[in-house]
Undergrad: 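I am attaching a structure below and will ask some questions about it afterwards.
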Protein chains: 2
Amino acid sequence: MKKTIFVFSVLILLLLVLFQIGEYAFLMGDTSIEFIIGIIALVFLGIGLYINRSRVTSDSSGKTGIDLKKIKDLGISEREYQVLLEISNGLSNKEIGDKLYISESTIKTHVSNLLVKLDAKRRTHAIQKAKELQIIAG
Amino acid sequence: MKKTIFVFSVLILLLLVLFQIGEYAFLMGDTSIEFIIGIIALVFLGIGLYINRSRVTSDSSGKTGIDLKKIKDLGISEREYQVLLEISNGLSNKEIGDKLYISESTIKTHVSNLLVKLDAKRRTHAIQKAKELQIIAG
DNA sequence: ATCATTTTAGTACTTTAGTATGAGACCTAA
DNA sequence: TTAGGTCTCATACTAAAGTACTAAAATGAT
C-alpha cells in the first residue's frame, strides 16, 4: 500500500515536471512539438509497463513465489526442505537418499518430521499443504 | 506473434494520430499544451498497462489451464481422473474410496492404471507428471 | 443384441511409507 | 564448556501403497 502511494506520488511529480519541460521547450521554440510528445509518450508507456511489471512480480511472489520466512516459521530445516522438494518431484525415500548421499533411514526421519511440521498425514498431503503454504512451487 | 505485430502496428498508428491532433490543436490555439500532454500521457499509460495485462493473461492461461484433450489422449477415464484429483489433494486410497463411495480395492485398481498411463512409479510421481502434462492444476 | 470399454471388487502378494525410539556426531550460541 | 538444534543412522514395527491377477456388472455405441 505504501509502495503504491509512493509510486503514484512519483508519477504525479513526473507529470508536473514534464508539464514544465513541455511549456519551457515550447516557449523557447528550440524543440519541435512532435519531439516533446514522443518523449512523453515513451515515458508513460514505460511507466505503464513498469507498474504492471511490479504488480505481476508481487503477484507471482505472492502466488507462485516461495515464502522463505514461512519455512522458518514452521521450523523446517534446510535438509528437511530439500527432502520436501524431492518428495514433490515424485521421488521415493530410497531415491532421495541416493540423490542426497544419505541413507533411506535418514530420509524417513526427515519425512516424519516434515509431516508433523506441515500437519500432514501422508507425503502427498504434505505436497498439497506445502503448496497451500506457498513454500514450494506449484 | 501475429498479435504482437498487430498491437504494435496499432500503437504506431495511434502515435501518428496523436501527432496530428497535437499539431492541429496547437495551431488552432484552442487547447492548452498541458491538456494535450495529459491526454497523451494517459493514453500511453493505459497502453503500457494493457500490453502487460494481456501478456500476463496469456501466460496464466497457458500455465494453469487444464488440457482436456491430453487427458483423453492418455486414455485416462473419467473415474480415473477423479481419483487423480483426490490423490493430488493428498488423500489416501481409503479416503478416496469413502469420498467416491467405492471400495479401496477399486481405488487401487484405478491408481495402478493411472500410474501406467502417466508412466509414473508412485502416486507422488503421478502428481508431478500430471502437472507437467498440465492435466491438473498446479 | 453384441462388442468394447469402463467401473467395480476381490485375493494374495511385495514393496514402500511412516512411527517410535534411541543414539552418536556436529555446530553454534550462551 | 554446556545446552540446543541439526543431521545422521539404525532397529523394529505397523500401515499404506502398489502389483498381478481374475471377474462380474454396468455402460454405451454400432
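Chain A is the first sequence line, chain B the second, and so forth, proteins listed ahead of strands; every chain is numbered from 1.
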Undergrad: Rounded off to whole Å, could you give me the CD1-to-C1' distance for the A/Ile127 and D/dA17 pair?
TA: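 Distance, rounded to whole Å: 14 Å.
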Undergrad: Among A/Asn113, A/Asp119, A/Leu118, A/Val111, which residue satisfies the side chain to side chain contact (heavy atoms under 4.5 Å, CB included) criterion with A/Leu115?
TA: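 Of A/Asn113, A/Asp119, A/Leu118, A/Val111, side chain to side chain contact (heavy atoms under 4.5 Å, CB included) with A/Leu115 is met by A/Val111 alone.
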Undergrad: Please report, rounded to the nearest Å, how far the C1' atom of C/dT5 is from the CD1 atom of B/Ile76.
TA: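 Value for this atom pair: 16 Å.
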Undergrad: State, yes or no, whether a side-chain contact exists between A/Arg79 and A/Ile102 at a heavy-atom distance under 4.5 Å.
TA: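 Yes; the side chains approach each other to less than 4.5 Å.
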Undergrad: Atom CZ of B/Arg79 and atom C1' of D/dA25: how far apart are they, to the nearest Å?
TA: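 That distance rounds to 15 Å.
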Undergrad: Taking salt bridge (charged side-chain N to carboxylate O under 4.0 Å, His left out) as the cut-off, I'd like each qualifying pair that reaches into residues 85-94 of chain A, sequence neighbours left out, listed once.
TA: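 Residue pairs passing salt bridge (charged side-chain N to carboxylate O under 4.0 Å, His left out), neighbours aside: A/Glu86-A/Lys99, A/Lys94-A/Asp98.
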Undergrad: Crowded around B/Lys70 NZ? As in, over 12 foreign heavy atoms under 6.0 Å?
TA: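 Yes, because the 6.0 Å sphere around NZ of B/Lys70 holds more than 12 heavy atoms from other groups.
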Undergrad: Please examine the side chains of B/Lys72 and B/Leu68, heavy atoms only from C-beta on, and report whether any two atoms are closer than 4.5 Å.
TA: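 B/Leu68 vs B/Lys72: side chains apart.
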Undergrad: Which angle, rounded to 10°, do you find between the first-five-pair axis and the last-five-pair axis of the helix from C/dA1-D/dT30 to C/dA30-D/dT1?
TA: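 Here the helix ends are tilted 60° relative to one another.
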Undergrad: Do the side chains of A/Leu100 and A/Thr106 get nearer than 4.5 Å, heavy atoms only?
TA: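 No, too far: nothing below the 4.5 Å cut-off.
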Undergrad: Looking at DNA chain D, which of residues 86-117 of chain B put a heavy atom within less than 4.0 Å of it?
TA: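 Result for residues 86-117 of chain B: B/Ser92, B/Asn93, B/Lys108, B/Val111, B/Ser112, B/Leu115, sorted by number.
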Undergrad: Whole angstroms only, please: what is the NZ-C1' distance between B/Lys121 and C/dT14?
TA: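 Taking NZ of B/Lys121 and C1' of C/dT14, I get 17 Å after rounding.
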Undergrad: For a 4.5 angstrom cut-off between non-hydrogen side-chain atoms, does B/Gln128 reach A/Ile127?
TA: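 When only atoms from C-beta onward are counted, A/Ile127 and B/Gln128 do not touch, as no gap falls below 4.5 Å.
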Undergrad: For A/Lys121, is the NZ atom crowded, meaning more than 12 foreign heavy atoms sit under 6.0 Å from it?
TA: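 Not buried by this count: 12 neighbours or fewer within 6.0 Å.
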Undergrad: Looking only at side-chain N and O atoms, does B/Arg123 come under 4.0 Å of OP1 or OP2 in D/dG18?
TA: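 Indeed, a polar side-chain atom of B/Arg123 lies that close.
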Undergrad: Starting from P on D/dT8, measure out to CD on A/Glu80 and report it in whole angstrom.
TA: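 It works out to 10 Å between those atoms.
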